[in-house]
Trainee: 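The structure under discussion is supplied below as structure tokens; questions concerning it will follow.
Below, all heavy atoms of this structure are taken into account, side chains as well, without hydrogens, waters or symmetry copies. For reference, positions follow the sequence shown, starting with 1. Because the structure is a prediction, the values reported are computed rather than measured.
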Amino acid sequence: MSEIVLPPLSHLLERELLAPDTRAAEEWLAARRVLITGAAGSIGSALSRRLARLAPPGLVLLDHHENSLFQLSQRLREGMPEDQPAPTPVLVLADVCDPERIGAVLRRHRPEVVFHLAAYKHVPLGEAQPAAYVANNVLGTWQLLAAAKETGVETLIYPSTDKAVAPVNSYGATKRIVERMLRALAAEDGAPRLVAARLVNVLGARGGVIEKFARQIGEGRPLTVTDPGMTRYWITEREALDYLILAAAQGPSGGVLTLDLGRPVRVVEVARRLWELLGPAGEPFAPRYIGAYPGERLDEFLVGPDEEARPSGIPQVLAVRERVASGETPAEIARLVTELAALVAADDAAGLRARLGVPFGAPARG
């Protein structure tokens with residue numbers, strides 16, 4: 001298959017791209033030691049490259065996937081301007097589910113800012129294997145937060161997801177639990193500034209639907225779309241990076257942020273636009289509908305029915321608050337984590353779904 005070159009992604013969104021001024025936030029980051037977990041993933045590697053250009057006093061890139069981490073190191077060297085020396089970040093091969101290893105990394109490198117991107121994210125796999133998703137997304141984050149507090153981390157930024165809004169699947173539920181975790185732990189003495197920033201679908205992300213559509217076009221196959229009415233919110237990689245950088249520099253402790261993106265976009269319309277730009281000339285757009293995956297809902301939301309959004313002070317970013325504060329305490333979160341850990345140890349999928357409050361079944365509208 002010949003390589004598919006994606007068009008300017010704004011054509012797929014049919015909206016003006018968000019273009020906030022990130023200079024002050026980047027200057028803030030450039031003066032701090034930074035750790036990125038999940039650094040070799042789609043967003044993690046892009047963020048790693050961008051922060052490497054800022055040349056902070058320390059940049060630690062952590063991932064559990066050896067080959068991806070090696071590829072990231074090569075791209076960092078290749079992507080630097082000729083008049084700028086190649087960056088020398090510290091590459092760490094480690095799993096966030098290994099508390100001893102993670103603790104040792106933080107004690108050695110003493111990061112001041114942590115971008116915690118390491119997470120499992122694919123909804124169908126999370127429905128089939130909730131124990132793995134809880135272990136990685138919830139228990140791994142809990143352990144990282146303990147190490148961050150112990151080692152004096154100043155700021156931890158956590159990319160959440162729109163699927164954490166009134167979650168109906170295991171993946172979204174794990175992310176919602178971490179949002180609750182950050183809200184509760186932020187009030188503790190000596191805690192880092194803990195900020196959750198809800199992301200949405202990132203165009204061009206590894207394993208994402210745009211990559212799938214481009215591959216199908218290149219292979220001469222029909223585009224497979226789950227449902228003609230399915231909608232999603234979309235952002236570009238650049239928008240995602242700007243958002244995370246601003247959230248890290250300016251987000252309130254214990255706060256949950258979301259982007260102000262207006263109306264969602266129908267997935268089939270994104271597929272149609274990509275086909276019109278890249279598909280064979282004269283061939284009609286004829287998608288094949290395959291049905292939504294287990295745990296997948298037809299629409300996503302930026303703010304839940306039990307929440308309200310207000311201006312955050314960051315351009316085009318909203319602060320999400322509970323309409324009625326839960327008052328959840330660190331002790332209550334700790335008990336929940338203990339219960340989940342026991343269910344993970346027993347590989348009790350049904351028990352985990354029940355404790356997460358999500359069913360296992362067909363997708364639903366809303």
Side-chain angles (χ1 to χ4, degrees), residues 34-48 60-65 68-69 72 92-99 101-102 105-106 113-148 153 156-165 167-183 185 194-202 205-208 233 235 237 240-241 243-244 247-248 251 256-258 293 295-296 300 333 336-337 340-341 344 352 356 358:
V34 180
L35 165 68
I36 303 175
T37 74
S42 297
I43 297 301
S45 59
L47 181 63
S48 298
V60 180
L61 308 179
L62 184 149
D63 203 282
H64 74 127
H65 192 274
S68 296
L69 194 62
L72 173 60
V92 176
L93 191 61
D95 191 327
V96 294
C97 293
D98 183 343
R101 177 84 167 117
I102 294 301
V105 170
L106 267 65
V113 179
V114 174
F115 289 88
H116 180 36
L117 275 66
Y120 291 155
K121 65 180 182 180
H122 292 290
V123 168
L125 283 177
E127 295 306 278
Q129 303 182 63
Y133 277 57
V134 171
N136 192 82
N137 296 359
V138 177
L139 306 185
T141 300
W142 176 256
Q143 292 158 176
L144 175 65
L145 288 170
V153 170
L156 186 143
I157 177 72
Y158 179 76
S160 186
T161 172
D162 54 355
K163 293 173 178 60
V165 177
V168 297
N169 54 60
S170 298
Y171 165 62
T174 63
K175 288 285 190 171
R176 184 55 175 244
I177 287 173
V178 175
E179 288 186 359
R180 292 162 52 190
M181 189 183 292
L182 299 188
R183 278 194 172 114
L185 298 184
L194 304 173
V195 184
R198 287 177 182 165
L199 286 173
V200 297
N201 294 276
V202 179
R206 187 187 310 165
Y233 289 95
I235 54 175
E237 180 183 275
L241 298 186
Y243 175 38
L244 292 177
V256 176
L257 303 174
T258 192
Y293 297 109
E296 193 174 37
E300 298 291 358
I333 292 291
L336 172 59
V337 170
L340 292 173
V344 167
L352 281 167
L356 294 173
V358 294

Trainee: Find out whether Gln143 and Val337 are in side-chain contact, i.e. whether some heavy atom of one side chain is under 4.5 Å from a heavy atom of the other.
Mentor: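 Of all side-chain heavy-atom pairs linking Val337 with Gln143, none is under 4.5 Å.
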Trainee: State, yes or no, whether a side-chain contact exists between Leu356 and Ile177 at a heavy-atom distance under 4.5 Å.
Mentor: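 In short, these two side chains touch, coming nearer than 4.5 Å.
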Trainee: Quick check: do Leu145 and Leu182 have side-chain heavy atoms less than 4.5 Å from each other?
Mentor: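 Leu145 vs Leu182: side chains touch.
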Trainee: Ignoring hydrogens and angles, tell me if any N or O in the side chain of Thr37 forms a donor-acceptor pair with the backbone of Leu117 under 3.5 Å.
Mentor: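 Indeed, once roles are kept as given, a pair shorter than 3.5 Å links the two residues.
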Trainee: Please report the interatomic distance OH(Tyr243) to CD1(Ile235), rounded to the nearest 0.5 Å.
Mentor: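 CD1 of Ile235 is found 8.0 Å from OH of Tyr243.
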Trainee: Going from NZ on Lys175 to OH on Tyr133, what distance comes out if it is rounded to the nearest 0.5 angstrom?
Mentor: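 If we round to the nearest 0.5 Å, Lys175:NZ and Tyr133:OH are 11.0 Å apart.
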Trainee: Between Asp95 and Asp98, is there a donor-acceptor pair closer than 3.5 Å when you use the side chain of the first and the backbone of the second?
Mentor: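 Here the side-chain-to-backbone pair does not exist.
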Trainee: For residues Val96 and Thr141, determine if any side-chain heavy atom of one lies less than 4.5 Å from a side-chain heavy atom of the other.
Mentor: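 No, their side chains stay 4.5 Å or more apart.
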Trainee: Keeping the roles fixed (side chain from Arg101, backbone from Leu93), state whether a donor-acceptor pair exists under 3.5 Å.
Mentor: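 Judged by distance alone, yes, a pair lies under 3.5 Å.
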Trainee: Begin with the C-alpha distance, continue with both residues' side-chain angles, and end with the deciding distance and a verdict on side-chain contact (heavy atoms from CB on, under 4.5 Å) for Glu300 and Val165.
Mentor: CA-CA 8 Å; Glu300 298 291 358; Val165 177; over 6 Å; no
Trainee: What are the two closest heavy atoms between Leu69 and Leu61, and how far apart are they?
Mentor: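 For Leu69 and Leu61, the tightest heavy-atom pair comes out as CD1-O, 3.9 Å.
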Trainee: Can you see which heavy atom on Asp63 is nearest to which on Gly41, and at what distance?
Mentor: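 Scanning both residues, the minimum pair turns out to be OD2-N, 3.8 Å.
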Trainee: Would you indicate whether the side-chain heavy atoms of Val123 and Tyr293 approach each other to under 4.5 Å?
Mentor: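 The answer is no; the side chains never approach within 4.5 Å.
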Trainee: Once rounded to the nearest 0.5 Å, what's the spacing between atom CD of Glu179 and atom CZ of Arg183?
Mentor: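 With rounding to 0.5 Å, CD (Glu179) is 6.5 Å from CZ (Arg183).
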Trainee: Please report the closest heavy-atom contact between Trp142 and Met181, naming both atoms and the distance.
Mentor: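 Result for this residue pair: CE3-SD, 3.7 Å.
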Trainee: Would you call Asn169 and Val358 a side-chain contact if the rule is heavy atoms closer than 4.5 Å?
Mentor: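 No, their side chains stay 4.5 Å or more apart.
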Trainee: Minimum heavy-atom separation for Ala197 and Leu244, please, with both atom names.
Mentor: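 What the structure gives for the nearest pair is CB-CD2, 4.2 Å.
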Trainee: Do you know the tightest heavy-atom contact between Ile43 and Glu237?
Mentor: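 Closest heavy-atom pair between Ile43 and Glu237: CD1-CG, 4.4 Å.
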Trainee: Assess whether side-chain contact (heavy atoms from CB on, under 4.5 Å) is satisfied between Asn201 and Lys163, documenting all intermediate values.
Mentor: CA-CA 10 Å; Asn201 294 276; Lys163 293 173 178 60; 4.2 Å; yes
Trainee: Atom CG in Leu62, atom OG in Ser48: separation rounded to 0.5 Å?
Mentor: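 The OG atom of Ser48 is 10.5 Å from CG of Leu62, to the nearest 0.5 Å.
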Trainee: Check whether Asn137 reaches the backbone of Tyr120 with its side chain - one donor and one acceptor, N or O, closer than 3.5 Å.
Mentor: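 Yes: the side chain of Asn137 pairs with the backbone of Tyr120.
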Trainee: What's the shortest heavy-atom distance between Gly251 and Leu257, and which atoms?
Mentor: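 Shortest heavy-atom contact: CA-CD1, 4.3 Å.
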Trainee: Any chance you could measure Leu35, atom CG, to Leu144, atom CG, to the nearest 0.5 Å?
Mentor: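 One finds 7.5 Å between CG of Leu35 and CG of Leu144.
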Trainee: Fit a plane to each ring of Tyr158 and His116, take the angle between them on a 0 to 90° scale, and name the class: parallel (under 30°), tilted (30 to 60°) or perpendicular (over 60°).
Mentor: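 Tyr158 vs His116 ring planes: tilted.
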Trainee: Where the side chain of Glu127 meets the backbone of Ser170, is there a donor-acceptor pair that is under 3.5 Å apart?
Mentor: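 Yes, the answer is positive, given that a donor and an acceptor are paired below the 3.5 Å cut-off.
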Trainee: For the NZ atom of Lys121 and the OH atom of Tyr171, what is their distance to the nearest 0.5 Å?
Mentor: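 Interatomic distance, Lys121 NZ to Tyr171 OH, rounded to 0.5 Å: 7.5 Å.
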